[in-house]
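Taking it in order: structure first as structure tokens, then the write-up.
All values below were derived from every heavy atom in this structure, side-chain atoms included, with hydrogens, water molecules and symmetry-related copies excluded. Chain naming here is simple, since letters A, B, ... match the order of the sequence lines and numbering starts at 1 in each. Fair warning: this is a prediction, and the values are worked out from it, not measured in the lab.
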Amino acid sequence: MVLFPTVDYDPAVFFATCAKVASPAHVVGCSSFSSFTQTTMVRRGTVAAFIPASGMSFGVAGVDHVSGDICGAAREVAQLALDRAGGEGAYGALMVFSDGLAGDQREVVRGCYEVTGATVPLVGGAAGENQRVFTTYQYADDKVMTNGLVAVWINADRPLGVAVDNGWHPIGDPMIVTRAERNLVYEIDGVPAATAYLAQREVDPLDRNLYGEASVSFSASTVDEPLGLPNVSGHFDVRHILRRTPDNGLELFGHVNEQSVVQVMTADWEDLVAAAERAGADAVAQLDRDPIGALVFSCTGRVAPLGPHLRDEANAISRSIGGIPMAGFFTYGEFARLTGSTGFHNATVVVLAL
Amino acid sequence: MARSEADMSDRHHSEVNGCEAELATLRREVRRAQVVSAAALSRATRLAQLVSSLAQLTDPQEILERAASEVAEQFGADIAAFLLRPEGSADGPLSLAAHWGIPDRSLPAIVDEPPAQVNALDPIQPLAGTVAELGIPSWLRHSRPRHLVWAKLVLRGEPVGFMVLARLSDEPFSPADVRELALVVSRIVLAVDNGRLYSRTQEQVRRLQRLHEVSATLAGTLDVERIVDSLATTIVDEVPLSGIAVYLANKRGLDRAAQAGSMKDAPALIPYEDARAWPNDNLVVMGMGGPPVGALLLSGKPPAGSEADWFLQHLADLGNLTLAKSLLFKQVRAQAESDPLTSLPNRTVLMGRIESALSICREHGTDVAIIFVDLDDFKSVNDTYGHDVGDQLLIAVATRLTELARPADTVARLGGDEFVVMRVEVDIEEAYDSAERIRSAMATPFELGDVIVASQASVGLAMASSCDYHAKKLMREADASMYVDKVGGHRPQGTDEAATTRSRSRERGIALASQRRESPPVLSPRPARRRPAPAVPSLGNLRSWCDAWVKRGGHSLTGTASETVQRIVNMAREQLEMELVWLSRLVDGRQVFEAFAGDPSCFGLSPDSYINMPDSYCARVLDGRLPSVLPNTARDRRTSGLLITHELGVGAYVGVPVFVRRGELFGMLCAVSRGPEPSLRRRDAKLLRMLAGLLTEPLATSMARDVQCSAFVRNAVSMLDAGGMTVDLQPIIDLQSGEVVSVEALARFPYYPYSVEGWFAQAHRAGCGPELELDAVINAHRLLLRLPEPVTLAVNASPDVASSDALLDVVTSVDPRRVTVEITEHRRASAPALFASALRRLKSRGVQVAIDDAGTGYSDLRQILELQPDIVKLDRALIDGVDTDPVKVALVQALVAFGKDTGTRLVAEGVSAETVRDALRLLHVDYGQGYALGRPEPADRVIARLARRARRTHSTT
């Protein structure tokens with residue numbers, strides 16, 4: 001059983017109750033900005049997906065307090081999940097739910113990759129919340145975690161489908177990151193990163209705050225125009241901004257190399273919907289039979305640009321996977337490593353077709 | 001209209017559709033352009049990203065791991081791996097040094113070599129292809145790659161391994177990828193090399209810091225045990241080694257002193273011959289070229305030339321330095337606290353232990369016994385067999401005493417032939433028995449090499465409880481008790497006197513009795529290897545002594561200064577283990593010898609010889625032409641051609657200047673051997689310099705005395721030049737007959753700067769007292785032939801002069817029966833046994849022996865008993881008032897009785913009044929001397945009067 005509640009519940013009570021009801025099924029999940037199924041958008045509440053073990057087996061593990069060594073924690077929880085799954089099967093995937101506020105999420109990929117290797121895809125999402133950028137929850141092994149990492153090793157007797165797409169495009173000038181460390185960008189083009197970033201935006205989010213939106217975080221007010229890093233495949237790895245640092249740097253949700261190129265990104269709702277549909281279709285295309293269901297991890301950063309067309313994204317995915325049952329949530333970052341070494345994303349839609 | 005509208009509508013629709021299609025096309029074009037642009041941007045910066053990323057790291061392993069993930073990400077690879085050969089080995093086996101995309105469970109146990117075409121790769125051109133073209137390494141099969149890139153890693157021209165990238169998707173690596181990978185690989189290798197260099201530097205810095213810490217710790221440690229423990233632990237932890245044993249050098253070989261880590265089969269002792277032929281190279285000698293202080297036996301020695309080996313060598317050197325220092329300290333301390341000959345505690349340590357024992361025993365109400373042991377006639381052993389045998393005897397005595405002692409007891413040597421045993425918590429009976437056992441043990445002959453020496457010891461005992469637990473008092477009592485034993489000739493036990501003594505000893509001290517020894521100390525001499533030492537130094541006259549003094553530059557080492565200097569010179573020889581060490585003084589361009597340790601004759605030298613400075617090594621050392629240390633003079637071109645090298649036969653030399661106060665150059669302290677001494681190092685000169693520093697004080701003291709002596713010598717020479725001393729004679733009268741039976745010769749000095757006593761006192765202070773005395777005797781003896789018979793001549797001699805052959809020769813040259821030698825015991829005999837022996841010789845030749853000034857000074861009854869003189873001269877202090885004082889009358893009566901019993905005649909000195917003379921006559925004192933009987937007068941006058949009287953008597957007869 002997979003649950004993606006919003007932060008409106010007491011997580012301990014919520015998950016304990018769900019676990020009791022779902023028993024003997026394993027219960028895993030994490031908090032979300034909001035969630036959806038093939039038919040319903042859940043702005044405040046939860047979705048639940050029951051995944052039957054037909055032809056599949058699962059190993060579930062969770063570790064808390066990961067910020068001190070995210071890579072090590074990821075390695076540990078992935079190995080534990082693999083062990084609990086009884087070792088590697090013919091096909092499979094590793095699904096993770098992380099704390100998106102814990103720090104550089106690329107470290108989650110690095111740790112997991114040491115266990116999965118290149119042959120087992122990685123999928124999942126970073127737990128979200130109501131854009132206060134305060135606390136997220138993860139649940140596994142009958143415990144609620146706030147700085148945790150959940151790993152579910154899925155072994156299957158047939159291929160699973162994992163796909164990712166985003167639909168964002170650059171609007172700003174290419175800039176060079178001149179000083180950075182992990183997910184902290186101190187300088188872009190030799191000036192403080194936030195200064196360089198804001199200079200590229202048409203609207204300064206600070207002005208917006210002057211009009212009565214003081215409670216909106218810097219992260220929330222920049223979610224519509226994240227930074228993008230071009231990769232060798234010609235696509236952009238989008239990085240949303242987690243917070244502005246006191247010295248006018250930018251803390252992002254994922255790692256950024258020094259000397260990498262960044263551009264301010266934006267998106268049209270039509271492009272986002274089209275990208276979501278492509279992701280669903282790509283995932284299903286990897287299967288050797290009809291899908292029985294899907295889990296979807298869509299970025300909270302897509303909510304604003306989708307605006308009133310939010311429902312259209314879910315519909316497009318549902319349409320692309322043939323209307324089978326699906327459950328998804330809006331994340332603080334998505335995991336999807338298929339080929340190559342890039343596994344952590346922002347602003348994307350990731351589809352796991354079962 | 002409707003149609004027109006419809007047509008228009010269709011046209012509009014068509015235009016809109018066209019526009020939308022065009023827009024879609026444009027959008028696709030834009031997207032394609034964006035893709036191309038993004039890929040180009042990514043490629044343009046990926047090398048910079050990689051370099052920047054690697055620059056943040058210093059650990060080589062972290063650099064490789066980061067490089068694996070970064071390269072994979074930047075080049076769209078699923079797997080990246082670095083295969084390296086062992087550092088420094090171009091053909092060692094490959095191992096997977098870092099990887100990205102291979103789970104641990106799939107890691108290979110052994111990494112197979114890459115295909116041949118990869119091995120033959122151009123270092124700067126990676127090779128890309130499908131797995132069909134390049135094959136799949138066994139350790140990659142699990143991941144099912146489809147495309148590979150191999151790149152050779154080359155560091156400073158040497159191949160060190162490979163980098164492999166793999167893609168699982170069917171997407172080949174582009175030529176652009178391959179070109180850039182060539183650059184990437186070179187940067188990664190450079191970063192790893194820098195990282196290794198950095199790590200090595202860091203490790204060196206860490207080790208240097210550790211070495212500094214260990215040095216600081218060990219430098220402040222003088223405890224040998226702590227040093228060896230610390231050394232062992234540090235080496236095992238920091239080099240590191242699996243195990244170590246630290247050995248210290250001693251006479252037998254290398255003794256295991258500490259051990260750390262896993263070190264099996266480390267022998268407790270490694271004899272030197274085994275050490276020299278040690279089968280492995282895991283025995284590191286700590287010596288730095290000099291005599292080894294120890295060695296390290298290692299388990300798991302690091303490769304030669306490695307950092308660890310370097311560190312190990314430094315620690316070994318550090319161990320050598322600190323151990324040498326602490327061993328020297330230990331030795332110096334031992335020397336300061338113990339007697340160097342016997343290794344027994346010395347007086348200082350003994351007194352400390354006595355104080356401590358007294359404190360404890362007084363508190364516990366128990367007793368402490370001090371047993372004094374003094375060998376009898378030890379001097380004659382030295383004189384007969386030389387000092388080597390004497391030294392052996394002292395060592396043997398120390399050994400016997402130690403064997404008799406309990407662990408809690410202290411056996412100490414006070415100096416000379418004096419030993420003390422302290423026993424704690426004993427009662428008087430136990431202490432007495434101990435003392436008896438000691439005396440018995442001392443009476444058992446000692447077998448010393450070729451000779452068997454029978455020795456006797458005088459033993460004295462005192463108990464702390466009888467001395468108020470006062471250390472000095474306790475020592476005094478024990479000393480006095482021993483002295484009683486000695487003077488009493490170890491009278492048989494069980495006699496009344498012994499019983500009394502023993503009874504009295506319960507109160508204070510005990511004099512132990514034994515059978516009087518009549519036989520000489522040597523029981524059964526075997527052929528001696530050494531020539532017996534001369535009985536006494538030959539005596540010259542005052543003139544020759546003064547000439548020698550002037551010749552020596554007005555310097556003479558005597559007394560305590562001489563002993564101290566000799567000890568230091570001896571120590572220098574012991575420490576340097578060279579054949580001869582001398583202390584020389586620079587006088588008028590010559591080196592005059594002040595002290596030797598060793599046999600100077602081996603180098604053709606003697607105490608009276610000298611070396612001209614310009615010819616000497618010393619002059620060259622002083623002006624810097626020669627170093628202080630010359631291990632091989634024959635091989636050294638600076639010395640091989642010098643005449644002095646061949647004249648003296650010097651093979652090795654160490655010499656340092658000796659300074660006295662205010663930096664004034666005194667002379668040189670030099671050590672020489674006939675053969676080369678390859679082990680000589682600068683530190684030997686340092687040691688010699690340190691010892692030279694110790695000479696400053698005694699030499700300065702001696703030189704201060706020299707100033708006074710010089711004044712005396714000037715006066716003496718003037719006196720001799722002016723005709724020398726003259727002689728007064730004072731008659732000695734037979735109190736019954738009133739006849740002059742003898743005259744006492746009294747020296748007079750017409751040249752006046754001192755009184756008569758002053759002349760003798762100054763001469764003794766200058767070291768020529770015996771010469772002056774002998775001159776006086778010679779002057780007096782010349783008068784003997786002029787003295788009318790049967791008048792005899794009495795001359796004065798101190799015990800040391802009386803012991804000399806010179807005096808014997810003088811007084812026996814003409815009618816010895818008419819000569820009386822009056823022993824003026826203002827000074828103790830320096831060799832009592834020899835003195836007693838000399839008196840026996842004099843008496844056997846007919847010379848009369850008198851004890852002068854009896855009743856004062858050292859001439860007490862014990863002395864009289866021991867020396868058995870022919871005549872005893874009673875001091876004026878006993879005689880004055882004998883006409884009025886009944887106590888003195890009683891005393892003189894007793895002495896007269898004593899004289900009759902022992903056959904000793906009495907002479908009363910200081911007879912200053914006729915009433916005294918009469919009283920003495922009534923008391924039957926034999927002879928008298930004093931102003932009332934005849935004043936001292938010039939010899940000629942006295943002789944003339946006596947001659948006249950003799951002629952008168954003769955004519956009357």
Would you say that A:Thr119 contacts B:Ser143 through its side chain, given a criterion of any heavy-atom pair below 4.5 Å between the two side chains?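 Of all side-chain heavy-atom pairs linking B:Ser143 with A:Thr119, at least one is under 4.5 Å.
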
Is any side-chain heavy atom of B:Arg27 closer than 4.5 Å to one of A:His169?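 Heavy-atom side-chain distance check fails, nothing below 4.5 Å.
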
Would one find more than 12 heavy atoms of other residues, nucleotides or ligands at under 6.0 Å from atom [atom1] of [X]?
X: B:Tyr198; atom1: OH; result: no
X: B:Glu22; atom1: CD; result: no
X: B:Arg210; atom1: CZ; result: yes
X: B:Arg32; atom1: CZ; result: yes
X: B:Leu23; atom1: CG; result: yes

Which region of B:His99, side chain (C-beta onward) or backbone (N, CA, C, O), has a non-hydrogen atom less than 4.5 Å from a non-hydrogen atom of chain A, or is it both or neither?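 Contact with chain A: none, neither part.
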
[X] [atom1] to [Y] [atom2] distance, which is reported to the nearest 0.5 Å:
X: A:Arg337; Y: B:Asp78; atom1: CZ; atom2: CG; result: 5.0 Å
X: A:Asn231; Y: B:Leu41; atom1: CG; atom2: CG; result: 11.0 Å
X: B:Ser69; Y: A:His255; atom1: OG; atom2: NE2; result: 8.5 Å

Which atoms of [X] come close to chain B, meaning under 4.5 Å heavy atom to heavy atom: side chain ones, backbone ones, both, or neither?
X: A:Leu229; result: neither
X: A:Thr116; result: backbone
X: A:Glu114; result: backbone

For the student: nearest non-hydrogen atoms of A:Ala180 and B:Gln56, plus distance: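 Distance-wise, the nearest heavy atoms are O-NE2, 3.6 Å.
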
Kindly give the heavy-atom pair with the smallest separation between B:Ala38 and A:His235, and that separation in Å.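 Result for this residue pair: CB-O, 4.3 Å.
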
Among A:Gly228, A:Pro174, A:Gly117, which has the most heavy-atom pairs under 4.5 Å with chain B?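 Answer, by heavy-atom pair count under 4.5 Å with chain B: A:Gly117.
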
Looking at chain B, which one of A:Glu88, A:Gln79, A:Arg75 has the largest number of heavy-atom pairs inside 4.5 Å, strictly under?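 Greatest number of close heavy-atom pairs with chain B: A:Glu88.
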
Report the option among B:Arg167, B:Arg105, B:Arg144 that has the most heavy-atom pairs separated by less than 4.5 Å from atoms of chain A.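 Of B:Arg167, B:Arg105, B:Arg144, B:Arg105 has the most heavy-atom pairs under 4.5 Å with chain A.
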
Less than 4.0 Å between a side-chain N and a carboxylate O, is that true for B:Glu73 and A:Arg106?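 Answer for the salt bridge query: yes.
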
Is any side-chain N of the basic residue among B:Glu70 and A:Arg110 closer than 4.0 Å to the acidic one's carboxylate O?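 Salt bridge flag = no for A:Arg110 with B:Glu70.
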
